[in-house]
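What follows is a short report on a single structure.
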Amino acid sequence: MEAPDADPPDGPFGYGDGADDVQVDPGQPPIGLAETSLVAACLRVQQLPAAYDLIDNADFVHNMTAQISGNVSTAVRNVYSDVDFWVIHTIGAYEEAASNDWDPNGEASSWLGWAYQCGADKSNFIFYETIRDRQINDTDPTRDPVDQETLTQRVVLHEALHRFLGEHGGDPATGVSEGIMLYDVALYGTAEQNELTPRQLRVIQQQNRPE
Amino acid sequence: MLPTLLLHLALLGASPDAPESLWLQVEAVPTEARLGDVLFVRISVHNRGDQPALAPVDCMMETGTLRLTLDDPEERTAYTFRADGTPAGFEPRRSVLSPGEARVLNVTMVRLPRLRMLSYRFWNPQLFGRRKLSLRAVIGELRGTSSPIVVECRPQSEMATLLEYYDGGSRFATYPADWEIYRPSLATFYLLSFPPQCSYPDKLTALEDALSEGSLRDLVHATRLTQAVYDAPSLDERRKATDALLQWVDAQPEIERQWLAMQIVSWGELKGLGEYCVEFIEHAIPRLPAQYAGRNLQDYYREIADQLRETYQQYRERQRHKP
């Protein structure tokens with residue numbers, strides 16, 4: 001996704017409460033942390049080779065929502081998971097709805113990523129502008145969030161793990177309520193706190209494929 | 001000094017744990033449905049005690065702060081609904097709820113069930129028959145249960161038609177190349193798993209004709225009416241189509257009406273209608289719940305509409321001064 005000029009219908013940037021939106025071109029979601037973390041689950045993570053990734057640039061949508069995520073993602077998805085060839089489709093995006101974008105700072109929701117429709121092998125979205133905003137304009141006076149690059153890496157891995165561990169509030173036996181799956185840990189935690197837990201590794205290894 | 005002192009007293013009077021005075025109200029419509037229909041759900045917390053109490057401000061299935069389960073007391077079994085996705089980044093809030101006060105925490109929708117869940121024993125159409133169920137909500141330590149909801153199997157031929165339209169959770173459904181991102185579809189009303197081809201006008205008409213009266217058919221109808229707004233060739237016709245959509249929404253039960261209005265406004269906010277989105281949102285606002293998750297939702301969208309209006313005015317100005 002690439003942010004267009006700041007004119008309607010996709011702009012302006014600065015729209016929404018708080019007016020500290022800036023024009024951020026969503027990048028290619030980084031997979032470095034996923035690569036190193038999932039080795040322990042005997043998984044080799046790599047970017048899909050270009051030969052399999054035929055359509056690579058989704059249409060830009062300022063405020064992504066569940067309702068239109070399918071329109072955006074399905075159009076640019078070329079490959080689905082198979083039993084021995086897993087794909088977690090991950091798209092760099094701008095931000096979610098205005099009520100979830102950390103504008104104004106301190107808003108209850110700051111959605112850094114979304115794993116839409118867990119269990120149905122749909123796509124993950126990483127919200128670059130909200131990650132930027134949330135990291136720079138953190139409102140907790142007692143601690144500092146990790147840097148943007150680290151946070152982005154963690155969000156990519158967090159959302160990917162949902163495809164194995166299920167949804168927040170689901171069965172804690174899957175490990176969905178510990179370590180990097182906790183918002184606070186991903187945002188403020190140390191590298192050690194964000195290492196996959198034995199339970200998470202075990203559940204990942206039990207899957208036929210991520211969904 | 002006095003206002004600060006009063007605030008502190010109120011906070012001291014509130015227990016950090018869920019006090020017994022808090023009551024979680026779960027309302028669900030329709031109370032009679034068929035397999036494949038949806039339930040519209042409103043969750044509110046009430047303080048029935050005589051002391052202020054700390055209560056949730058919001059909750060969401062997607063973030064794990066709300067759990068919705070359908071209980072079948074006769075079969076002594078239950079089904080817990082799954083969310084539509086899992087965002088990273090939500091901090092549940094609590095604030096003081098005065099004695100006698102109520103607060104709407106969420107207005108949401110669940111499917112009975114998602115059609116790909118029909119293979120679950122709970123939903124097996126062969127075994128389902130007619131069952132009296134109740135919807136249970138859990139938010140932290142708070143629990144509430146709805147009035148009974150009777151769900152019965154859809155006629156076999158109708159179910160077969162419905163499943164023909166549905167992709168059964170297929171991972172390989174693709175969007176047509178000419179599909180526009182903002183075009184209203186069944187997904188606009190959170191029927192996310194139907195293939196896009198189902199949302200072509202002729203398919204929607206056929207699907208609506210095939211379904212019995214009920215909440216699923218309502219969502220198909222809402223999609224058709226929203227598409228009519230999107231496809232209208234002139235401003236005048238767009239206004240007429242908007243009126244038709246909102247008049248139909250007004251005829252629905254309150255909770256359904258509020259949920260539909262939330263989806264309609266949320267879609268309008270995406271600016272797929274261009275500058276008309278401002279007028280469209282403003283027309284829909286009175287159907288929204290006024291009080292929702294700690295804020296006045298109608299005021300919130302009025303602000304959004306104002307911002308959009310200003311945006312388009314500035315845009316027009318820029319266009320006018322372009323060399």
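Model, not experiment: these values are computed from the prediction. Proteins come first, then strands; the chains are lettered A, B, ... in the order of their sequence lines, and each starts at number 1.
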Exercise for the section: Could you pull out the closest heavy-atom pair between B:Ala83 and A:Glu167, with the gap in Å? Expected result: O-OE2, 2.9 Å
Exercise for the section: Check A:Ala98 against B:Tyr300 and note the closest heavy-atom contact, atom names and distance. Expected result: C-OH, 3.5 Å
Handout entry: Test side chain to side chain donor-acceptor pair (under 3.5 Å) applied to B:Glu180 - qualifying residues, sequence neighbours left out
Key = B:Tyr230
Handout entry: Which atoms of B:Ser266 approach chain A - backbone, side chain, both or neither, heavy atom under 4.5 Å
Key = side chain
Handout entry: B:Arg82 portion near chain A, given a 4.5 angstrom heavy-atom threshold
Key = both
Fill in the blank from the handout: Sorted by chain and number, sequence neighbours left out, salt bridge (Lys or Arg N to Asp or Glu O under 4.0 Å) with B:Arg183 holds for B:Asp231
What is the distance from atom [atom1] of [X] to atom [atom2] of [Y], rounded to the nearest 0.5 Å?
X	Y	atom1	atom2	answer
A:Gln67	B:Trp267	CD	CH2	11.5 Å
A:Tyr116	B:Leu192	OH	CG	10.0 Å
A:Thr65	B:Leu270	OG1	CG	5.0 Å
A:Asn71	B:Ile181	CG	CD1	7.0 Å

Practice task
Check whether any side-chain heavy atom of B:Tyr182 lies under 4.5 Å from a side-chain heavy atom of A:Val61, and answer yes or no.
Solution key: yes
Exercise for the section: Go through A:Ala97, A:Ala75, A:Ser99 and name the one with the most non-hydrogen pairs under 4.5 angstrom from chain B. Expected result: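 Of the options given, most contacts go to A:Ser99.
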Practice task
Give a yes or no on whether A:Arg143 atom CZ has more than 12 heavy-atom contacts from other residues, nucleotides or ligands under 6.0 Å away.
Solution key: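 Above 12, so yes.
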Exercise for the section: Decide side-chain contact (heavy atoms from CB on, under 4.5 Å) for B:Glu62 and A:His168; before the verdict, give the C-alpha distance in whole Å, the side-chain angles of both, and the deciding distance to 0.1 Å. Expected result: CA-CA 7 Å; B:Glu62 286 83 350; A:His168 291 298; over 6 Å; no
